[in-house]
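First the structure, then my questions, so here it is.
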Amino acid sequence: MRSWPAPQVPSLTDGGFAVPAHRLRLHDTGTGTLSPTSPGETAGMYVCGITPYDATHLGHANTYLAFDLVNRVWRDLGHRVHYVQNATDVDDPLLERARQTGVDWRELAEREIELFREDMTALRVLPPDQYVGAVEAIPLIIEMIEKLRAKDATYEVEGDVYFPVAADPSFGSVSGLGRAAMMPLFAERGGDPGREGKRDPLDALIWMAQRPGEPGWDSPFGRGRPGWHVECSAISIEHLGMAFDVEGGGSDLAFPHHEMGASHAQVATGEHPHARAYVHAGMVGLDGEKMSKSRGNLVFVSKLRRAGTDPMAIRLALLAHHYRSDWEWTQSDLDEARARLARWREAVQAPAAPPAGALVDEVRGHLARDLDAPAALAAVDRWAAQTGTDPSAPAQARTLIDALLGIDL
Ligand code: 5CA
Ligand code: ZN
């Protein structure tokens, strides 16, 4: 599928600031520790995309912004970044919404993906190099299921194909959860622990035989459509291979989605690990609940934009929270971000300011320690509150804020 246009990313090294000696450290969900990313020349990142049955809400935006920071920090460290994202353009919730509203599921997906592209462009989120829909990936997915079948890592229940989690000795290491904790999450997040005929309640559906009135594609295991986890598993290894640097998404994807996807990939390829680090963003809520399409308590990026909100204020409002924290959106988030944006704009338009070198080091340092954007923002605030005499500092600070925080002043 078409990705979206890339914003310009100015280079701090071209501006005379040496490449930092540190590495980017990120919190890995499986180990619960900060782990240094150690990409080669090219860093590989897969971030799960939207299920396009509704518009992008601030929770989605917050998650994509977190990984946009990863992208920007790696680039600043001199790496090329190979970034891949999917769009789950065929799945239960999408088909359900299409049925309810009488819209063709393909049209619904296309419309919402286009809106997502516009939102990401407005928020200056760097686009993936490959933006891949589940539908266009079906041949890849079938190929992957064939590999699992060849390893005896599939079985059928009434025409549906399952993956036995027992096939992967490292099952559980992505989320770090034990079976007791997995069970309720599996039921809550699209799994079917109670289905009769399964060998293990946690086994995951990888191919669903066509249901009446639903779309289906021919495959060696019958006409049907792919399960959810195998979609991201197949797309990620096709474009990034195994052991890519970061797989990311919101914390609701750690289990079962990333856990199952890793198991599928590890069993199909016989290699380990699927990703070197599994990184998860916190959940953004509104009125005491996780913002979610099914709950309907959503603040849409597109709606804020249409109401005239500066997308840079939305971006700053989200960056004011650490990416791993769970938090609630309120109007004051936006008010504070607008005021901050105005202060920063004024500071970079001044004829002179305090030297920017220390600020560059500080912002780079904060982001390299598990993307501490709130600390980076506070450092810029302190710089902007001072007066100084360095005439090149305002432009340098502007470059820094653009390159690493993605804020166009
Ligand atoms: N298509 C799948 C991933 S393959 C999916 O989860 N789609 S989604 O549209 O439901 O979510 C897209 C991304 O936004 C996921 O990374 C999800 O974890 C994240 N997300 C969803 N709701 C929130 C929220 N309230 N706060 C933060 N992130 C969220
Ligand atoms: Zn995914």
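If you read the sequence from its start, that first residue is 1, and numbering goes on from there. Read the numbers this way: they start at 1 and go in the same order the structure lists the ligands and their atoms.
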**Request:** Say whether, by atom type as modelled, one donor and one acceptor occur between the side chain of Ser3 and the main chain of Pro128 under 3.5 angstrom.
**Result:**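 It does hold such a pair.
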**Message:** Using a 4.0 Å cutoff against the non-hydrogen atoms of His57, which atoms of ligand 1 qualify?
**Reply:**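 Numbered from 1, ligand 1 contributes 22 (N), 23 (C), 24 (C), 25 (N).
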**Prompt:** Does Leu253 have a non-hydrogen atom less than 4.0 Å from ligand 1?
**Reply:**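 Yes, Leu253 has a heavy atom closer than 4.0 Å to ligand 1.
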**Request:** Dump the intermediate steps for salt bridge (charged side-chain N to carboxylate O under 4.0 Å, His left out) on Arg345 and Asp310, then the final yes or no.
**Result:** CA-CA 13 Å; Arg345 284 196 166 132; Asp310 184 336; 3.0 Å; yes
**Message:** Please confirm whether Glu231 approaches ligand 1 to less than 4.0 Å, judged on its heavy atoms.
**Reply:**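 No.
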**Message:** Filter on side-chain hydrogen bond (donor to acceptor under 3.5 Å, both in side chains), then keep only pairs touching residues 397-409, sequence neighbours left out; what's left?
**Reply:**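 For residues 397-409, and leaving out neighbouring residues, the side-chain hydrogen bond (donor to acceptor under 3.5 Å, both in side chains) pairs sorted by first residue read Arg124-Asp402.
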**Request:** May I ask you to check whether Phe300 and His57 place their ring centres under 6.0 Å from each other?
**Result:**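 No, the ring centres sit 6.0 Å or more apart.
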**Request:** Return yes when Gly49 approaches ligand 1 closer than 4.0 angstrom through a heavy atom, no otherwise.
**Result:**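 Checking ligand 1 against Gly49, which is what was asked, there is a heavy-atom contact under 4.0 Å.
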**Prompt:** In terms of atom number and element, which parts of ligand 1 are under 4.0 angstrom from non-hydrogen atoms of Thr88?
**Reply:**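 Near Thr88, meaning under 4.0 Å from one of its heavy atoms, ligand 1 has 1 (N), 2 (C), 4 (S).
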**Request:** Run the numbers for me: atoms of ligand 1, each under 4.0 Å from some heavy atom of Asp252, listed by number.
**Result:**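 Answer, ordered by atom number: 17 (C), 18 (O).
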**Reference residue Glu114; test side chain to side chain contact (heavy atoms under 4.5 Å, CB included); the match among Glu112, Glu110, Glu118** =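 Exactly one option meets the side chain to side chain contact (heavy atoms under 4.5 Å, CB included) with Glu114, and it is Glu118.
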**Prompt:** Do any heavy atoms of His257 fall under 4.0 Å from ligand 1?
**Reply:**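 Under 4.0 Å: yes for His257.
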**Request:** May I ask which of Tyr64, Trp228, Phe116, Trp327 has a heavy atom nearer to atom 13 (C) of ligand 1 than the others do?
**Result:**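 Of the listed residues, Tyr64 has the closest heavy atom.
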**Prompt:** Heavy atom of Gly282 under 4.0 Å from ligand 1?
**Reply:**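 So Gly282 counts as touching ligand 1.
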**Message:** Classify the ring geometry of His258 against Tyr278: parallel below 30°, tilted from 30° to 60°, perpendicular beyond 60°.
**Reply:**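 Judged by the thresholds at 30° and 60°, the geometry between His258 and Tyr278 is tilted.
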**Message:** Distance under 4.0 Å to a non-hydrogen atom of Asn86: what atoms of ligand 1 satisfy this?
**Reply:**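 It comes down to these atoms of ligand 1: 4 (S).
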**Prompt:** Who are the salt bridge (charged side-chain N to carboxylate O under 4.0 Å, His left out) partners of Asp92, not counting sequence neighbours?
**Reply:**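 So Asp92 forms a salt bridge (charged side-chain N to carboxylate O under 4.0 Å, His left out) with Arg225.
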**Request:** Fit a plane to each ring of His264 and Phe163, take the angle between them on a 0 to 90° scale, and name the class: parallel (under 30°), tilted (30 to 60°) or perpendicular (over 60°).
**Result:**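 Perpendicular: the ring planes of His264 and Phe163 meet at over 60°.
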**Message:** As an exercise, identify every atom of ligand 1 less than 4.0 angstrom from a heavy atom of Gly249.
**Reply:**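 Reading through ligand 1 atom by atom, the close ones are 16 (O).
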**Request:** Run the numbers for me: atoms of ligand 1, each under 4.0 Å from some heavy atom of Cys232, listed by number.
**Result:**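 Counting atoms of ligand 1 from 1, those under 4.0 Å from Cys232 are 4 (S).
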**Item:** Full working for side-chain contact (heavy atoms from CB on, under 4.5 Å) between Asp54 and Arg97
**Value:** CA-CA 9 Å; Asp54 213 337; Arg97 178 65 63 89; 3.3 Å; yes
**Message:** Can you confirm whether the side chains of Trp344 and Asp381 place a donor and an acceptor under 3.5 Å from each other?
**Reply:**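 Asp381 and Trp344 do have a side-chain donor-acceptor pair below 3.5 Å.
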**Message:** Only heavy atoms of Cys48, strictly under 4.0 Å: list the atoms of ligand 1 that pass.
**Reply:**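 Within the 4.0 Å cut-off of Cys48, ligand 1 contributes 3 (C), 4 (S).
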**Request:** Could you tell me which residues satisfy salt bridge (charged side-chain N to carboxylate O under 4.0 Å, His left out) with Arg223, sequence neighbours excluded, listed by chain and number?
**Result:**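 Counting only residues at least two positions away or on another chain, Arg223 forms a salt bridge (charged side-chain N to carboxylate O under 4.0 Å, His left out) with Asp218.
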**Request:** Taking 2.8 Å as the upper limit, name the protein N, O or S atoms near the Zn ion (ligand 2).
**Result:**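 Sorted hits: Cys48 SG, Cys232 SG, His257 NE2.
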**Message:** For the 3.5 Å polar cut-off, considering only N or O atoms, please tell me whether Met283 and ligand 1 meet it.
**Reply:**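 No.
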**Message:** Taking the six-membered ring for Trp, are Trp4 and Tyr131 closer than 6.0 Å centroid to centroid?
**Reply:**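 Ring centres of Tyr131 and Trp4 closer than 6.0 Å.
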**Message:** Is it the case that the ring center of Tyr46 lies less than 6.0 angstrom away from the ring center of His239?
**Reply:**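 His239 vs Tyr46: aromatic centres not under 6.0 Å.
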